[in-house]
Amino acid sequence: MPVLPGAEPYRHDGGEVGVLLCHGFTGSPQSLRPWAEYLAERGLTVSLPLLPGHGTRWQDMQVTGWQDWYAEVDRELRSLLERCRHVFVFGLSMGGALTLRLAAKHGDAVRGVVVVNPANKVHGAMASLLPVVRHLVPSTKGLTSDIAKQGVEELGYDRVPLHAAHSVRQFFRIVDGELPQVTQPMLLLHSPEDHVVPAADSARILSRVSSTDVTEILLEQSYHVATLDHDAERIFEESYAFIGRLAPSAGTTGSPAPEALGGSTTGG
């Protein structure tokens, strides 16, 4: 199936500081594209992959699972590590869980992590029924576009494939057990009013990681997809300052993204 317009992956070759961005469950790179471009315009090397089964139709996601999604971001991280001196990993929602597992598994190779409304658990009455229900019902109502800002929509599926939902539930359990292995500096930003991931998930993550350099920021004006919401610019600015503190050379080498020069960058 062709990738939906706007859901394409995005990459930019910049300087010696690299950033991997991980999008969320049933979403696409579109939700993080402005963030990726903001970093690219400041001279960073940026990778924003499209997770397998995403960005086409929800039926394609039924035959994928967390192992496929994690393998994709793991490959992208290894590629960045070959090219960059310092590498950071950022993530939204389930992308936050992918970010945390990468940090747990790769240790000091990951310089720091930034997570926005990170997910840690599948909530609701159906969660415990997923092992059975997924064989009876193929999908349920979608989770996208939880955004306070009028006129802004997230590009993602309007249905949640239940085989994939079962897989992400398993993945969250695995990541929760690995959180004590996360030692990197962390910036965690979350929305008090989030209709997809409750604040309890951020609290759980903060209570279990071993990081000693931790900053928590509340996104008072945004819902779940805060990277497209009223607080987007704050997320971009705070994350870039976070990088600058930990890797002072950020943005000092490499060329700015074509957008900053009046051109265009394509997904790839």
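Separation of the W58 and Y157 ring centroids does not fall under the 6.0 Å cut-off.
Judged purely by atom type and a 3.5 angstrom limit, R101 has no side-chain atom pairing as donor or acceptor with the backbone of A97. Formation of a donor-acceptor pair under 3.5 Å by the T183 side chain with backbone atoms of S211 is not found in this model. A distance-only check finds a donor-acceptor pair linking the side chain of N117 to the backbone of S191 [under 3.5 Å]. A donor-acceptor contact shorter than 3.5 Å links the side chain of Q184 to the backbone of A103. Between the side chain of S28 and the backbone N or O of Q30 there is at least one donor-acceptor pair closer than 3.5 Å. The backbone N or O of P49 sits nowhere less than 3.5 Å from a side-chain atom of E72 that would complete a donor-acceptor pair. With S210 contributing its side chain and P180 its backbone, the two residues share a donor-acceptor pair below 3.5 Å. Remark: side-chain polar atoms of S145 are not paired, donor with acceptor, to backbone N or O of E153 under 3.5 angstrom.
With hydrophobic clusters built from ILVMFWY side chains whose heavy atoms lie under 4.5 angstrom apart, V152 shares a cluster with L92. Cluster annotation: V110 is connected to L206 through the hydrophobic network of ILVMFWY side chains, with a link wherever side-chain heavy atoms come within less than 4.5 Å. Clustering ILVMFWY residues whenever any of their side-chain heavy atoms sit less than 4.5 angstrom apart, transitively, puts L50 in a cluster other than the one holding Y70. Side-chain heavy atoms closer than 4.5 Å link hydrophobic residues (I, L, V, M, F, W, Y) into clusters, and following such links, possibly through other members, connects I174 to F172. V214 is connected to V175 through a chain of hydrophobic side-chain contacts under 4.5 Å among Ile, Leu, Val, Met, Phe, Trp and Tyr, so both are in one cluster.
Salt bridge status for R245 with D213: present, with a side-chain N to carboxylate O gap under 4.0 Å. The pair D176-R208 counts as a salt bridge, with a side-chain nitrogen and a carboxylate oxygen less than 4.0 angstrom apart.
L189 is not listed as a side-chain neighbour of L218, based on a closest heavy-atom distance of 4.5 Å or more. Counting only heavy atoms from C-beta outward, the side chains of P52 and W69 approach each other to under 4.5 Å. Put simply, the side chain of S31 reaches to within 4.5 Å of the side chain of V225, judged on heavy atoms. Contact of the Y10 side chain with the E37 side chain is registered, since non-hydrogen atoms from C-beta on lie closer than 4.5 Å. Taking the side chain as every heavy atom from C-beta outward, T99 and F90 never approach each other to under 4.5 Å. By the 4.5 Å heavy-atom criterion applied to side chains, H190 and L188 are counted as neighbours. Using a 4.5 Å cut-off on side-chain heavy atoms (C-beta onward), E154 and I147 make contact. Looking only at side-chain heavy atoms (C-beta outward), F25 and T144 stay at 4.5 Å or farther from each other.
Between Y223 and H195, the two ring planes are perpendicular [angle over 60°; tilted spans 30° to 60°].
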_Show, in sequence, the C-alpha distance, side-chain angles and deciding distance for T45 and R83, and conclude whether the side chain to side chain contact (heavy atoms under 4.5 Å, CB included) test is met._
CA-CA 9 Å; T45 294; R83 294 180 286 140; 3.8 Å; yes
*Determine, step by step, whether H224 and S93 satisfy the side chain to side chain donor-acceptor pair (under 3.5 Å) criterion, reporting the C-alpha distance in whole Å, the side-chain angles of both residues, the deciding distance to 0.1 Å, and the verdict.*
CA-CA 8 Å; H224 183 63; S93 194; 2.9 Å; yes
_Chi angles and distances behind the side chain to side chain contact (heavy atoms under 4.5 Å, CB included) call for R234, I217_ = CA-CA 10 Å; R234 185 178 186 194; I217 294 176; 3.4 Å; yes
*Given the rule in the side chain to side chain contact (heavy atoms under 4.5 Å, CB included) test, do F242 and V114 qualify, once you have shown the distances and angles that lead to the verdict?*
CA-CA 9 Å; F242 176 78; V114 178; 3.6 Å; yes
*Going through the distances and angles, do R57 and D60 end up as a salt bridge (charged side-chain N to carboxylate O under 4.0 Å, His left out)?*
CA-CA 6 Å; R57 56 177 192 158; D60 295 331; 3.2 Å; yes
*Evaluate the criterion side chain to side chain contact (heavy atoms under 4.5 Å, CB included) for residue pair E76 and C22; output intermediate values, then yes/no.*
CA-CA 10 Å; E76 291 290 329; C22 307; over 6 Å; no
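Closest approach of E220 and D231 over heavy atoms only: N-OD2, 3.7 Å. In terms of heavy-atom proximity, P118 sits nearest to S202 at CD-OG, 3.6 Å. Across all their heavy atoms, R33 and E8 have their closest contact at NH1-O, 4.5 Å. The shortest heavy-atom contact between S222 and D229 is OG-CB, 3.3 Å. When all heavy atoms of H86 and A247 are compared, the closest pair comes out as CD2-CB, 3.8 Å. Heavy-atom minimum distance, S47 versus L80: CB-CD1, 4.1 Å.
Taking CD from Q170 and CZ from R173, the interatomic distance works out to 8.0 Å, rounded to the nearest 0.5 Å. Between the NE2 atom of H230 and the CD1 atom of I235 there is a distance of 12.0 Å, given to the nearest 0.5 Å. We find the CH2-OG distance between W35 and S239 to be 5.0 Å, quoted to the nearest 0.5 Å. Distance CG/L39 to CZ/F236: 8.5 Å, rounded to 0.5 Å. Between atom NE2 of residue H106 and atom CG of residue L77 there is a gap of 4.5 Å, rounded to the nearest 0.5 Å. For the atom pair H163 NE2 and S167 OG, the distance stands at 11.0 Å (nearest 0.5 Å).
A cation-pi geometry, defined here as NZ or CZ lying under 6.0 Å from the six-membered ring centre and within 45° of its normal, holds between R42 and Y38.
With a 4.5 Å cut-off between side-chain heavy atoms of Ile, Leu, Val, Met, Phe, Trp and Tyr, the cluster of L155 takes in L4.
The local environment of CD in Q59 is crowded, with over 12 non-hydrogen atoms from other residues, nucleotides or ligands closer than 6.0 Å.
When each of V89, L51, L21 is checked for a side-chain contact (heavy atoms from CB on, under 4.5 Å) with V73, only L51 meets the rule.
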